[in-house]
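Since the structure comes first, as structure tokens, the remarks are kept for the end.
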Amino acid sequence: MLDVRWAREHPDALDAAMTKRGAEAVSAAVLALDTKRRSAQTRFQELQSARRDASKAIGQAKAKGEDASAAMAAVAKLKDDAAATEAEAKQASDALDALLATLPNPPADDVPPGANEDDNVFVRENGTPRAFAFEPKSHIDLGEPLGLDFEAGVKLSGARFAAMRGQIARLERALAHFMLDLHVQEHGYAEVRPPILVRSEAMYGTGQLPKFEEDSFQTTDGRWLIPTAEVPLTNLAADTSFEPADLPLRYVAHTPCFRSEAGAAGKDTRGLIRMHQFDKVEMVSIVSADQSEAELERMTAAAETVLQRLELPYRVLLLCAGDMGFGARKTYDLEVWVPFQNKYREISSCSTCGDFQARRMGARVRRTEGKGTDFVHTLNGSGVAVGRAMVALLENHQREDGSIGIPAALQPYLGGMTELTSGQG
RNA sequence: GGAGAGGUGCCAGAGUGGUUGAAUGGGGCGGUCUCGAAAACCGUUAAGGGUGCAAGCCCUUCGAGGGUUCGAAUCCCUCUCUCUCCGCCA
């Protein structure tokens with residue numbers, strides 16, 4: 001949710017921000033509703049004030065035993081007028097909120113313009129794609145002998161589901177635990193096991209609702225399967241006023257994520273890249289405004305460490321305005337090299353949301369000086385997507401015989417194994 | 001699933017129709033005292049919004065939404081959440 005006062009004072013900036021994102025200019029509509037709301041509210045307040053004074057006078061008169069029937073009749077008119085004006089104000093206010101709830105976060109100034117992923121800006125890279133002396137196989141062909149079972153996924157659940165067995169199952173677990181330990185032990189994140197079914201309020205807080213209802217799965221009792229642990233982790237801060245000393249808060253969680261992939265028909269239909277259910281290690285930071293810029297760099301670096309330790313080549317991109325998520329103010333994507341596809345694929349997305357989510361969920365921090373509170377800033381980043389890390393690991397570390405070399409950092413999580421071969425358990 | 005209790009300020013906890021945004025205690029902050037600290041004492045301490053150059057004035061908020069009333073934290077209805085007991089259960 002953007003700040004309506006900012007919109008009121010900078011209508012041109014609002015339109016520029018929306019246009020930069022490829023959305024419609026809305027300042028005229030926002031300002032019209034805002035003006036209507038404030039005018040009705042002011043009139044209501046004047047009527048209400050008069051009404052309260054009149055009622056108090058009646059109370060005092062009655063206390064003295066005087067007759068107050070004339071005053072009581074007079075106040076009835078005020079009451080009707082006040083109620084009508086209040087309804088008018090509420091209607092305008094609700095309409096304004098409904099509109100604001102659908103507007104994406106204005107991009108930061110240093111976010112490059114652009115319509116889609118073609119306009120993202122290269123920032124840096126690490127490692128170089130390996131030159132294979134043989135034709136590299138896909139993670140599907142490599143994984144199936146090791147226990148990656150797409151047939152079982154289809155049988156049990158349908159397309160975009162997979163079962164993992166044996167070594168692949170263990171590898172998935174090892175990857176997740178490695179990432180979790182890394183962020184907890186070296187990056188100062190607090191481990192959380194959040195609920196993965198959440199209320200609509202939580203989905204609204206992080207921005208999945210009201211606009212992207214069709215992207216997530218909902219239970220019959222109205223709860224939502226989280227599309228990312230960003231939802232429960234960030235909403236831990238909802239309805240809270242922090243002391244400055246409480247911040248920054250850093251959370252990390254390993255959870256399944258569920259996405260309907262409604263708009264992705266036909267994309268990545270084979271393999272593990274795009275599933276309805278996948279595991280992800282997610283980082284969330286709750287910080288004060290002055291900390292948020294540095295925190296985004298820190299979080300991105302933490303995600304990069306995962307890929308470095310797994311010895312996977314990757315690059316970092318700064319997303320253009322048109323490719324950013326709804327709630328993001330600035331986003332870095334990490335793309336890992338996928339040999340079989342011969343291209344880089346997204347494996348992590350680290351974003352600062354500024355105060356956009358905080359305003360939706362009521363997450364505040366007291367000012368260090370003076371009275372009052374400010375909204376906190378929230379950040380989230382994958383650290384990283386486990387299924388896609390598995391894809392990258394299998395393909396990048398494959399050998400000609402189909403076995404998979406295990407990077408040193410991961411070996412302790414696999415009982416010291418240095419490779420996976422189809423002959424093993 | 002059955003039965004019951006309850007949601008009040010940073011926390012605990014009063015308050016069942018009339019200047020109650022709300023007693024009291026704790027905590028926080030400021031001060032007195034002290035070489036310093038503790039203790040004691042004094043003072044202070046909600047958020048959001050409207051209006052205004054400002055000081056200020058005003059409105060809203062006692063889980064949420066409706067209703068009764070001249071007047072609601074207090075009465076009524078609906079919803080929601082929490083807790084307790086019983087049942088069931090990984």
Distance, rounded to the nearest Å, where A:Asp239 contributes CG and B:A46 contributes C1':
15 Å
Atom CZ of A:Phe44: over 12 foreign heavy atoms under 6.0 Å:
yes
Is the Lys NZ or Arg CZ of A:Arg173 less than 6.0 Å from the centre of A:Tyr413's six-membered ring, within 45° of the axis?
no
Watson-Crick or G-U wobble partner for B:G48, using a 3.5 Å limit on both distances?
B:C59
Indicate yes or no: does A:Glu295 engage A:Arg250 in a salt bridge with an N to O separation below 4.0 Å.
yes
Work out how far the P atom of B:C62 is from that of B:A72, and round it to whole angstrom.
12 Å
Pick the P atom in B:A38 and in B:A46, then give their distance to the nearest Å.
24 Å
With heavy-atom distances below 4.5 Å as the criterion, would you say the side chains of A:Met1 and A:Tyr204 are in contact?
yes
Of all heavy-atom pairs between A:Leu319 and A:Pro112, which one has the smallest distance, and what is that distance?
O-CD, 3.6 Å
B:G26 and B:G4: how far apart are their C1' atoms, nearest whole angstrom?
31 Å
Using a 4.0 Å heavy-atom cut-off to protein, can you give one letter per nucleotide of nucleotides 52-68 of chain B, 5' to 3': B if the base is in contact, S if only the sugar-phosphate is, - if neither?
------BBS-----S--
The side chain of A:Lys56 is closest to which nucleotide in this list: B:C70, B:U19, B:G50?
B:U19
Sequence neighbours excluded - salt bridge (charged side-chain N to carboxylate O under 4.0 Å, His left out) pairs with any residue from residues 197-219 of chain A:
none
Partner of B:G9 under the Watson-Crick or G-U wobble criteria, both distances under 3.5 Å, comes out as none
Is A:Glu261 salt-bridged to A:Arg160, cutoff N-O under 4.0 Å?
no
Under a 3.5 Å limit on both distances, the Watson-Crick or wobble mate of B:C41 is B:G31
Does B:A72 have a Watson-Crick or wobble partner in any strand here, with both distances under 3.5 angstrom, and which is it?
none
Starting at CG of A:Asp3 and ending at P of B:G48, how long is that distance when rounded to a whole Å?
12 Å
How far does the C1' atom of B:G17 sit from the matching atom of B:A22, given to the nearest Å?
15 Å
What does B:G17 pair with, Watson-Crick or G-U, if both distances are under 3.5 Å?
none
Identify each atom pair where a protein N or O and an N or O of nucleotides 79-81 of chain B are less than 3.5 Å apart, giving names and distance.
residue : atom : partner  : partner atom : Å
B:C81   : OP1  : A:Arg199 : NH1          : 3.4

What is the pairing partner of B:G87, taking Watson-Crick or G-U wobble pairs with both distances under 3.5 Å in any strand?
none
What interatomic distance, in whole Å, is found between C1' of B:A47 and the corresponding atom of B:G43?
23 Å
Please tell me if the side chains of A:Asn380 and A:Leu233 come closer than 4.5 Å, counting only heavy atoms from C-beta onward.
no
A:Thr206 backbone acceptor or donor facing A:Gln357 side chain under 3.5 Å:
yes
Could you state the CD1-P distance from A:Ile58 to B:U19, rounded to the nearest angstrom?
14 Å
B:U20 to B:U60 separation - C1' atoms, rounded to the nearest Å:
16 Å
By the 4.0 Å heavy-atom rule, please label A:Arg43 as base, sugar-phosphate, or nothing.
nothing
Whole angstroms only, please: what is the CE-C1' distance between A:Met361 and B:A47?
19 Å
For B:C70 and A:Arg51 - does any side-chain N or O of the residue sit under 4.0 Å from the phosphate oxygens OP1/OP2?
no
Does A:Thr373 have a side-chain nitrogen or oxygen under 4.0 Å from the phosphate oxygens OP1 or OP2 of B:G48?
yes
Base, sugar-phosphate, or nothing for A:Arg359, non-hydrogen atoms under 4.0 angstrom?
nothing
Is A:Asp80 salt-bridged to A:Lys77, cutoff N-O under 4.0 Å?
no
